[in-house]
Amino acid sequence: MAATALAKAPAMPVPSSETATGAVSVHGVDVVFGEGDQAVTALSNVSVTIPDGALVTMIGPSGCGKSTLLRAIADLVPATAGAITVLGRSPEAARRERNFSFVFQDATLLPWRSAIDNVRLPLEVGGGGTAPADPQALLELVGLRGREKALPAEMSGGMRQRVAIARALVTRPKILLMDEPFGALDEITRDKLNEELLRIWQETGTTIMFVTHSIPEAAFLGQHVLVLAAHPGRVKEFMRVDLPYPRRLAVRDTLEFVQITARLRQLLEEC
Amino acid sequence: MAEIADRAAGLAGPGLFRQFDRLGDKWPAFAAVIGIVAAWQFVVWAFAVPTYMAPGPVDVINAFRQESVTLWNNFWPTLFEALLGFVFGNLVAILLAVWFVHSTTAERAFYPIAVFINTIPIIAVAPILVLIFGNGLAPKIIIAALICFFPTLVNMVRGLKAVSPATLDLMRVLSATRSEIFWKVRIQSSLPFLFAALKIASTTCVIGAIVAEWIGSSFGLGALIIEATYNFRSPLLYATVFTAALLAVAMFSLVSFAETRLIRWKAADVH
């Protein structure tokens, strides 16, 4: 390696490599919906860098644009100003190369397809994917062994969301974008899926951006918590959560955890 | 009565208990039918109603026996017209719906015309078509098709559009093409809507064929209805009406059977 050459160089980050810009880099991004008098500024001058392999949770009051930020990264809404790069590419190029997957609040399974056929969907459209994961193994990873043939109508909300996660992982994405994926689930199911998501994150090494409106969920999952303020949506703080992994649910009863959630609550009140 | 008992015993056969279970569900319907037929026969007998005015069930059964050749010969043209009308009317409706979903201009241009055509009473269209196409099968098939057309068009357009925005977001993240979205999502999600319309069409196409045969036709169940009425052959009239009803029920059952084979999932909001 050219370690000596690097050491001699001035202490400036090299922006061209993936690790230097992070998995996702958002720089001075505005998102404005509508035009003229009707224009609504969803995001204003948002800049954040998501490190490669990180698990970043995003939280903020409603109207802070946390979902909009995620959707802008996923090329679902265009940025009005500023620049977004995903693994050094534009969001559109990253989407076409299947660099990221998206998990919605609603599982959005196709109701006529069995669990395993829903997991296979990404391989059948948009040119498929290179080196896909084994759908069967993924269903086992999310704890749905033996339910491959079940139709969405025969599954609980938690099971449907597990299938959606398996579907998101089938293209082996480098980045997983999750928009309140457990928001519609009951607390017990949500706790369980939180623990399992951490396990999947550690097993796959995927970078995860996770939008939530639950303070405990944001603190429990996140290596970092991105706190957004509303009207217009802007970055309030990018906070590191100093709790070791693997985290178990019991960590939420510790003093450290309570201090972190108290700090988050305080930040959100200032928004 | 002995005949009915014999047939019931024959039906039971090896699966005796299962047959009993099924009969257990349906006995109120059977009892009601038997009750109504008995009451009908009683009223005709008790008030000495003349046969030409209202024949009793026994007269109608006799008509079925004596006129079986006439009924059979007139059954086939009506079946043929109804079936072809069903196929063409629904096919045109489905293709038009596909076009409407892909082109807003086409929908804006032709939807009002489709609504207008639907508002013309079918019985008023029949003479016009007979004048244009003569006395053959063509006008009957066209009328049967016309009567099927509109409900299928409306339902199919609705079904093709009944894809949630979240599902479309998912397909966009997967970089699916328009044709992939059409074949993998829209067609599938339209099927329950389509079958709701096809069930309506399966009975109305028989009505269309019969109404068309009323206008100066020399064959078909519709012509037989007119002939029997004018000649006061009321038992034959009733037998013809029952034959037409049986045809409609058979068509409906066929479509229902196809539906259960093709759609194993339940749509949320079809009606």
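For clarity, every value in this text was computed on a predicted model and none was experimentally measured. In what follows, chains are A, B, ... by sequence order, proteins preceding strands, each numbered from 1.
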Run the side-chain contact (heavy atoms from CB on, under 4.5 Å) test on B/Q188 and A/L110 for me, step by step, so that the C-alpha distance in whole Å, both residues' side-chain angles and the decisive distance to 0.1 Å come before the verdict.
CA-CA 9 Å; B/Q188 290 282 351; A/L110 300 181; over 6 Å; no

Answer yes or no: does atom [atom1] of [X] have more than 12 heavy-atom neighbours from other residues, nucleotides or ligands under 6.0 Å?
X	atom1	value
A/R113	CZ	yes
A/E187	CD	no
A/H213	NE2	yes
B/Y111	OH	yes
B/F75	CZ	yes
A/E203	CD	yes

Nearest 0.5 Å, what's the [atom1]-[atom2] distance between [X] and [Y]?
X	Y	atom1	atom2	result
A/F104	B/T167	CZ	OG1	8.5 Å
B/D169	A/F102	CG	CZ	7.5 Å
B/M171	A/L121	CE	CG	5.0 Å

query = Between A/L76 and chain B, which part of the residue has a heavy atom less than 4.5 Å away: side chain, backbone, both or neither?
reply =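 Contact with chain B involves both backbone and side-chain atoms of A/L76.
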
Toward chain B, the part of A/E92 with a non-hydrogen atom under 4.5 Å: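 Contact with chain B involves no heavy atom of A/E92 at all.
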
Quick one: does A/R98's side chain have a donor or acceptor within less than 3.5 Å of a partner on B/L174's backbone?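 Such a contact is found between A/R98 side chain and B/L174 backbone.
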
| request: Give a yes or no answer on whether the side chain of B/R172 reaches the backbone of A/D75 with a donor-acceptor pair at less than 3.5 Å. | output: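 Judged by distance alone, yes, a pair lies under 3.5 Å.
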
Shortest non-hydrogen contact from [X] to [Y]?
X	Y	answer
A/F100	B/V173	CE1-CG1, 4.0 Å
B/E180	A/E124	OE2-O, 3.9 Å
A/R167	B/L170	NH1-CD2, 3.4 Å

